[in-house]
Amino acid sequence: DLAVAHRLTAKYNMDMLVWNHISAKFKTGCLITPGRMLWNQVKPEDLVFSSSNVTADIIHGAVNAARPDNQANNHLHTPAATAVSCLETGFVPMTQDAAYFYNKVAHYEWDGLSDDAGEGPAITAAVRAMPGCNTLLMHNHGYVCFGKTVREAWVLAYYFERVCEVQLRVMQSGGKVKLPPARVMAQ
């Protein structure tokens, strides 16, 4: 599933060639994106227990520490979600499919390249600050979606990019925004 998730991410143009990461807990460790390999080429035998990119180990390890119940993480820098991460308002759930993320998006003030292990506890704290969250929006950086399976984490990442794109299009229209009622989104 993890190798397929890499290829699907590339197929839907959500990858950044060799950058970003998808991981899954496996036995006593965590399988992750190999780095230095195009995502459309990743096969099961290419996955590694430690990425060649230290930021992957820091970010995924921090999310796993905060949410031991989850088994998989997608850390992406897709265009719409990254643009939303740069907005002062951040993510605003406006549509039916955005309900997946209603009161489930934690926020993290990006602190640079994420290559310092000391940043891990701050990421963990950000995820823990939003109980039951399924997404971490890293301001001016990107996002991480996580779930109980690789499939769940991947579908969340797909929809998060989609609802962020819708948010940007609504904002671009210049029209007055009509938000759904909170009770409907909570349901």
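Quick note: residue numbers are just sequence positions, from 1.
- Both L87 and F91 belong to a common hydrophobic cluster when Ile, Leu, Val, Met, Phe, Trp and Tyr are linked at side-chain heavy-atom distances under 4.5 angstrom.
- A distance of 12.5 Å separates CD1 of I123 from CD of E109, quoted to the nearest 0.5 Å.
- Considering CZ of F146 and OG of S23, their distance stands at 11.0 Å, rounded to 0.5 Å.
- Around atom CZ of R7, more than 12 heavy atoms belonging to other residues, nucleotides or ligands sit under 6.0 Å away.
- Each of V184 and V92 belongs to its own hydrophobic cluster when Ile, Leu, Val, Met, Phe, Trp and Tyr are linked at side-chain heavy-atom distances under 4.5 angstrom.
- With T9 as the partner, the side chain to side chain donor-acceptor pair (under 3.5 Å) test is satisfied by one option alone out of Y158, W39, W154: W154.
- Nearest heavy atoms, P44 versus A3: N-CB, 3.5 Å.
- Judged purely by atom type and a 3.5 angstrom limit, E161 uses its side chain to pair as donor or acceptor with the backbone of A80.
- In terms of heavy atoms, S85 sits closest to H141 at OG-N, 3.3 Å.
- Heavy-atom contacts from other residues, nucleotides or ligands closer than 6.0 Å to NZ of K104 number 12 or fewer.
- Linking ILVMFWY side-chain heavy atoms closer than 4.5 Å, directly or via other members, places M171 and V177 in two distinct hydrophobic clusters.
- Counting non-hydrogen atoms of neighbouring residues, nucleotides and ligands closer than 6.0 angstrom, the CD atom of E45 exceeds 12 such neighbours.
- Counting heavy atoms from C-beta on, the side chains of M37 and V42 come closer than 4.5 Å.
- H21 NE2 to N74 CG: the interatomic distance, rounded to the nearest 0.5 Å, is 11.5 Å.
- What you find for P68 and K25 is that their closest heavy atoms are O-NZ, 3.0 Å.
- No chain of hydrophobic side-chain contacts below 4.5 Å, direct or via other Ile, Leu, Val, Met, Phe, Trp or Tyr residues, connects V166 to L156.
- Results of the side-chain contact (heavy atoms from CB on, under 4.5 Å) test with L31 over L2, D46, V150 single out L2 as the only residue that passes.
- With hydrophobic clusters built from ILVMFWY side chains whose heavy atoms lie under 4.5 angstrom apart, V155 shares a cluster with I22.
- Using cut-offs of 30° and 60° for the angle between ring planes, the H75 and H77 rings count as perpendicular.
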Determine whether K11 and N40 satisfy the following criterion, side-chain contact (heavy atoms from CB on, under 4.5 Å), listing intermediate values before the conclusion. CA-CA 7 Å; K11 178 181 177 175; N40 65 350; over 6 Å; no
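- Remark: the backbone N or O of C145 is not paired with any side-chain donor or acceptor of T135 at under 3.5 angstrom.
- Note that the CE atom of M138 and the CH2 atom of W110 stand 9.5 Å from one another [nearest 0.5 Å].
- At least one donor-acceptor pair under 3.5 Å links the side chain of N134 to the backbone N or O of Y100.
- Heavy atoms only, all atoms of each residue included: T82 and G142 are closest at OG1-CA, 3.9 Å.
- Expressed to the nearest 0.5 Å, how far CZ of F101 lies from CE of M185 amounts to 10.5 Å.
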Check step by step if side-chain contact (heavy atoms from CB on, under 4.5 Å) holds for N20 and T33. CA-CA 8 Å; N20 299 147; T33 306; over 6 Å; no
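- Summarising the local packing, OH of Y102 is surrounded by more than 12 heavy atoms from other residues, nucleotides or ligands at distances under 6.0 Å.
- In this structure, E119 contributes its side chain and I59 its backbone to no donor-acceptor pair below 3.5 Å.
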As a quick check of understanding, evaluate side-chain contact (heavy atoms from CB on, under 4.5 Å) for N64 and N73, giving each step before the final call. CA-CA 8 Å; N64 287 341; N73 302 302; 2.9 Å; yes
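- Atom CD of Q96 sits in a sparse spot, with 12 or fewer heavy atoms from other residues, nucleotides or ligands closer than 6.0 Å.
- A tilted orientation is assigned to the rings of Y143 and F160, their planes being inclined by 30° to 60°.
- Considering every non-hydrogen atom in both G147 and A153, the closest pair reads N-CB, 3.7 Å.
- The shortest heavy-atom contact between L168 and A83 is CD1-CB, 3.7 Å.
- Between the SG atom in C133 and the CG atom in N103 there is a gap of 11.0 Å [rounded to 0.5 Å].
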